[in-house]
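One structure is given below, encoded as structure tokens.
Naming: A, B, ... by sequence-line order, numbering from 1 per chain. Values below: every heavy atom of this structure, side chains too, minus hydrogens, waters and symmetry copies.
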Amino acid sequence: MSSNTFLGMPSLPVFGHGNLNATEAFPKAAHRELGNEQLRANLGHATHTIRDKRLKVVAELPDWEDMRNAGAAIKDATMANLPALLEQFEENFTARGGIIHWARDAQEANEIVTALIRETGETEVVKVKSMATQEIGLNEYLEEQGIAAYETDLAELIVQLDHDKPSHILVPAIHKNRSQVRDIFLREMPVVDPLLTDEPAKLAEAARRHLRKKFLSAKVAVSGANFGLADTGTLTVVESEGNGRMCLTLPETLITVMGIEKLLPTWEDLEVFMQLLPRSSTGERMNPYTSLWTGVTPGDGPQNVHLVMLDNGRTAALADEMGRTALNCIRCSACMNVCPVYERTGGHAYGSTYPGPIGAILSPLLTGIKSEENNSLPYASSLCGACFDACPVKINIPEILVHLRGEDVDSKRAKVKVPTQMDLMMKGAEWAFSGGAKLNLLERGLPLGKLAAGRDKVIKKLPGIAGGWTQSRDIPAPPSQSFRQWWAKEHKPGAAVVPGNTAEDAGNGSEGEQP
Amino acid sequence: MSAREDIMNRIKSALRDAPATPVVPREYRRTSDMTAAQRLEQLVDRLVDYKANVFLTPAGEAPARLAELLAGSASIVVPHGLPESWISGLENDGGTPAVHVDSPEHRLTTAELDAVDAVVTAAAVAVSETGTIMLDGGDDQGRRIISLVPDRHICFLNVDQIVEVLPEAIARLEASRPQTWISGPSATSDIELERVEGVHGPRTLDVVILT
Ligand code: SF4
């Protein structure tokens with residue numbers, strides 16, 4: 001495609017801003033969040049429930065893997081042809097009366113949305129859950145400009161009324177239980193039944209009453225979008241409660257903020273993603289409501305329809321050849337629900353709008369690995385790979401985590417010329433693992449470790465940088481001989497294979513592949 | 001440079017390694033091998049699971065079914081293209097609800113819609129595997145607002161509108177029409193992941209399948 005050819009000077013990546021940065025390093029934030037027992041109990045319950053539901057509905061489909069393969073390929077194809085697809089989308093959306101605006105970063109997007117609201121003369125807007133507007137900090141910005149933004153998604157409403165932050169991209173109030181929700185409603189809703197109980201149905205009813213008048217009188221709505229279809233110029237919002245439908249249908253003006261990576265090339269691609277998304281996110285066969293609109297429909301819905309296309313670091317992520325598949329994310333949150341780290345720390349510990357495994361790669365990709373505290377995020381993982389298995393578009397999160405750790409180390413090394421302890425250890429490991437004989441030599445030191453461990457056979461504190469490992473765990477004393485020493489003893493000359501015992505490189509590769 | 005040009009240039013610069021465009025493998029199911037009876041059974045099962053009320057009705061008995069469902073209702077709204085025969089049962093009897101017709105010439109206001117007891121519409125297509133009914137703004141379905149504001153939605157479906165898998169429905173729908181895909185009444189699982197039916201959308205969904 002000719003419009004994809006780049007003719008100008010290659011520019012340096014321009015990173016994103018907004019609610020993407022941790023204000024403190026992950027280990028520190030995680031340490032604090034782990035102390036919150038209510039949070040851990042709520043989270044453990046929630047992640048396990050969704051996990052089980054997801055497995056059940058995924059197992060129902062004979063062609064789930066075929067769908068994942070299609071989904072991954074569609075998104076790769078989207079990124080490879082992004083300029084042409086954006087142009088195509090723009091042409092179709094505009095032809096039907098929609099107006100498109102482009103925002104390089106959070107600030108620009110906020111300014112555009114504010115100006116559009118001002119034009120209507122309104123000072124209040126209703127909002128349907130959107131990660132993009134949370135990323136750019138739109139609500140806070142509007143408040144400074146004297147415009148009140150009302151979140152209408154139940155969970156977002158709970159979080160907003162409590163002046164808190166979402167902790168999960170799908171169930172933002174996952175960290176609150178029912179009695180906490182009731183207390184928030186009683187405290188913050190201007191009109192509320194003082195006898196409100198903590199039954200979820202009653203709480204939902206209270207939310208309905210609280211928002212109904214707002215919906216019926218709202219003149220302006222702000223939304224996100226789950227997908228944009230290039231060949232038709234259609235936008236999609238996937239939801240459950242009907243607050244999305246209210247925002248997308250009732251007001252006169254609709255302003256949607258969407259990342260440039262949310263496109264799909266064709267209408268028919270939606271058949272793949274509307275199967276992948278609901279099953280992966282809420283564990284349902286289909287979410288209760290999906291709305292689709294293409295520009296303006298005369299006489300039906302908002303007649304003043306805007307779309308803000310947001311970069312805010314996405315092009316920087318796209319420039320990272322190893323990391324760009326992170327942009328394929330459809331925000332289903334399946335990776336969070338299976339992550340052993342997220343399950344314990346919760347979403348707040350990640351600092352950014354995007355928590356969990358995807359957040360650990362996406363946030364530093366959007367802001368740059370050197371940005372503030374985000375360089376600790378790629379380490380917030382045990383690389384167990386559960387996220388990769390769960391991801392409906394097969395993003396290899398562990399691989400990108402490792403890649404970003406490499407970037408982080410490189411960027412720090414560029415700053416500090418003196419080799420760090422970690423560098424020295426890694427150099428040592430490189431030497432030791434480069435040949436069986438070298439490893440043998442080192443392993444002869446094992447009995448020393450046993451000595452260091454003492455009578456209770458555990459080592460409680462390792463020296464230097466390795467001390468971090470023993471901060472929260474003891475390590476068992478090493479055995480007096482290694483597997484390789486034992487093997488050599490048991491298989492004296494004449495035995496078929498004695499790895500590493502003959503030539504230095506005889507053991508290469510064989511250790512990891514024992515039958 | 002405009003923001004648009006700037007972003008386009010950034011993208012092109014980011015893609016200067018010219019990543020390959022993969023061929024999309026579409027080996028997933030795109031057509032159904034179920035019989036019509038199996039699809040009907042599956043759709044009913046899914047709808048009931050979503051807590052919708054389902055009624056199987058011979059086509060000739062549509063007016064009687066509607067009259068029965070609306071017993072006790074004071075007023076309803078219908079789109080101007082709804083088959084007149086369906087509401088004929090209502091007009092014969094003096095004790096039945098007032099019928100407001102929403103049309104391009106006479107659009108009901110939000111407040112008027114908020115005051116009616118129910119909306120009656122047809123549908124464009126339904127997917128049995130996921131229990132999804134699609135509305136596309138056709139004359140027998142009306143503007144999106146009329147199937148949203150009233151608290152009860154009575155939706156008529158012909159048995160030949162039921163397909164099994166989503167790709168079959170996508171093939172029948174036209175993207176540029178304003179659409180609402182409905183899978184059960186409005187619901188939330190935001191409080192302790194307990195599914196509760198009925199938040200902002202219609203809290204009651206009645207599906208009448210004409211056989
Ligand atoms: S990375 Fe994959 S699993 Fe995680 S939210 Fe994105 S699409 Fe879902």
Side-chain angles (χ1 to χ4, degrees), chain A residues 6 8 10-11 14 46 49 63 66-67 69-70 73-74 76-77 80-83 102-104 154-155 171 173 177-178 181 200-201 203-204 208 216 229 232 234 240-243 245-246 249 267-268 270-271 274-275 285-286 288-294 297 299-301 311 315 318-319 321, chain B residues 2-4 6-17 19-29 46 50 104 107 110-111 114 129-132 137 143-145 148-149 166-167 170 175-176 178-194 196 198-201:
Chain A
F6 178 69
S11 50
V14 186
T49 310
D63 51 356
D66 297 326
M67 218 106 67
N69 290 332
I74 291 168
D76 283 346
N81 298 296
L82 198 53
W102 300 79
R104 299 176 182 90
L154 178 51
V171 212
N177 66 19
R178 58 183 75 190
V181 173
L203 295 170
R208 180 182 167 100
L216 299 188
L229 309 175
T232 60
T234 305
S240 298
E241 298 167 15
N243 60 312
R245 291 176 70 188
M246 289 281 181
T249 313
W267 162 241
E268 109 190 318
L270 195 63
E271 72 195 23
M274 283 310 296
Q275 296 194 65
R285 296 184 178 114
M286 190 63 86
Y289 298 135
T290 300
S291 296
L292 296 112
W293 73 103
T294 307
T297 304
D300 185 349
D311 177 356
T315 49
L318 190 66
E321 289 174 39
Chain B
S2 74
R4 182 186 185 281
D6 232 0
I7 293 170
M8 285 293 186
N9 279 334
R10 288 179 188 177
I11 298 172
K12 289 171 189 171
S13 172
L15 292 173
R16 62 183 177 274
D17 61 313
T21 303
V23 176
V24 176
R26 295 195 193 264
E27 273 138 41
Y28 54 88
R29 292 166 303 145
R46 302 305 196 237
Y50 292 143
R107 295 197 181 109
T110 308
D114 195 31
E129 186 173 71
T130 61
T132 307
R143 301 185 292 146
R144 283 172 287 169
I145 191 173
L148 172 62
V149 175
L166 184 60
I170 290 285
S176 60
Q179 290 170 44
T180 308
W181 299 4
I182 298 171
S183 306
S186 132
T188 182
S189 303
D190 279 351
I191 300 166
E192 294 184 17
L193 288 168
E194 195 170 297
V196 180
V199 196
H200 306 295

Open item on the list: Side chains of A:Glu271 and B:Tyr28: any donor to acceptor distance under 3.5 Å?
Closed with: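 Checked: B:Tyr28/A:Glu271 side chains pair up, N/O donor to acceptor below 3.5 Å.
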Task: Region of B:Ala111 that comes under 4.5 Å of a non-hydrogen atom in chain A - done: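 Contact with chain A involves no heavy atom of B:Ala111 at all.
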Task: Heavy-atom contact with chain A under 4.5 Å, split by part of B:Pro104 - done: neither
Open item on the list: For A:Asp300, is there any backbone N or O sitting under 3.5 Å from a side-chain donor or acceptor partner on B:Arg144?
Closed with: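 Side chain of B:Arg144 to backbone of A:Asp300, a donor-acceptor pair under 3.5 Å: yes, one is there.
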Open item on the list: Has A:Tyr289 got a side-chain atom pairing as donor or acceptor with B:Thr180's backbone, closer than 3.5 angstrom?
Closed with: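 Checked: no pair found.
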Counting heavy-atom pairs under 4.5 Å to chain A, which of [options] comes out on top?
| options | result |
| --- | --- |
| B:Pro22, B:Pro185, B:Gly184 | B:Pro22 |
| B:Ile145, B:Val24, B:Val23 | B:Val24 |
| B:Arg29, B:Arg143, B:Glu129 | B:Arg29 |
| B:Val149, B:Leu166, B:Leu148 | B:Leu148 |

- [ ] Please examine the side chains of A:Arg245 and B:His200, heavy atoms only from C-beta on, and report whether any two atoms are closer than 4.5 Å.
- [x] no
Task: Note, B:Val199 side chain near A:Asn243 side chain (heavy atom, < 4.5 Å) - done: no
State the [atom1]-[atom2] distance between [X] and [Y], to the nearest 0.5 angstrom.
| X | Y | atom1 | atom2 | result |
| --- | --- | --- | --- | --- |
| B:Ile11 | A:Leu82 | CD1 | CG | 4.5 Å |
| A:Leu270 | B:Ile170 | CG | CD1 | 4.5 Å |
| A:Asn69 | B:Glu27 | CG | CD | 7.5 Å |

Open item on the list: My understanding is that only residues two or more places apart in sequence, or in another chain, count here; which of them pass side-chain contact (heavy atoms from CB on, under 4.5 Å) with A:Thr294?
Closed with: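 side-chain contact (heavy atoms from CB on, under 4.5 Å) list for A:Thr294, sorted by chain: A:Arg96, A:Thr234, B:Ser176.
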Task: Those residues that, when tested against B:Pro19, pass side-chain contact (heavy atoms from CB on, under 4.5 Å) (two or more places apart) - done: A:Ala80, A:Arg324, B:Leu15, B:Asp17
Open item on the list: Ignoring hydrogens, what is the shortest heavy-atom contact between A:Arg104 and B:Asp6? Give both atom names and the distance.
Closed with: NE-OD2, 2.6 Å
Open item on the list: Give me the atom names and distance for the closest heavy-atom approach of B:Pro167 to A:Gln275.
Closed with: CD-NE2, 3.6 Å
Return the option, out of [options], with the maximum number of heavy-atom pairs under 4.5 Å with chain B.
| options | result |
| --- | --- |
| A:Thr249, A:Thr290, A:Asn177, A:Thr297 | A:Thr290 |
| A:Met274, A:Arg208, A:Met286 | A:Arg208 |
| A:Gly301, A:Ser291, A:Gly299 | A:Gly299 |
| A:Gly242, A:Pro200, A:Ala103, A:Ala204 | A:Pro200 |
| A:Thr232, A:Leu229, A:Leu216 | A:Leu216 |

TODO: Please look at A:Glu321 and chain B and tell me whether the side chain, the backbone, both or neither of the residue comes under 4.5 angstrom of a heavy atom of that chain.
DONE: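 A:Glu321 touches chain B through side-chain heavy atoms alone.
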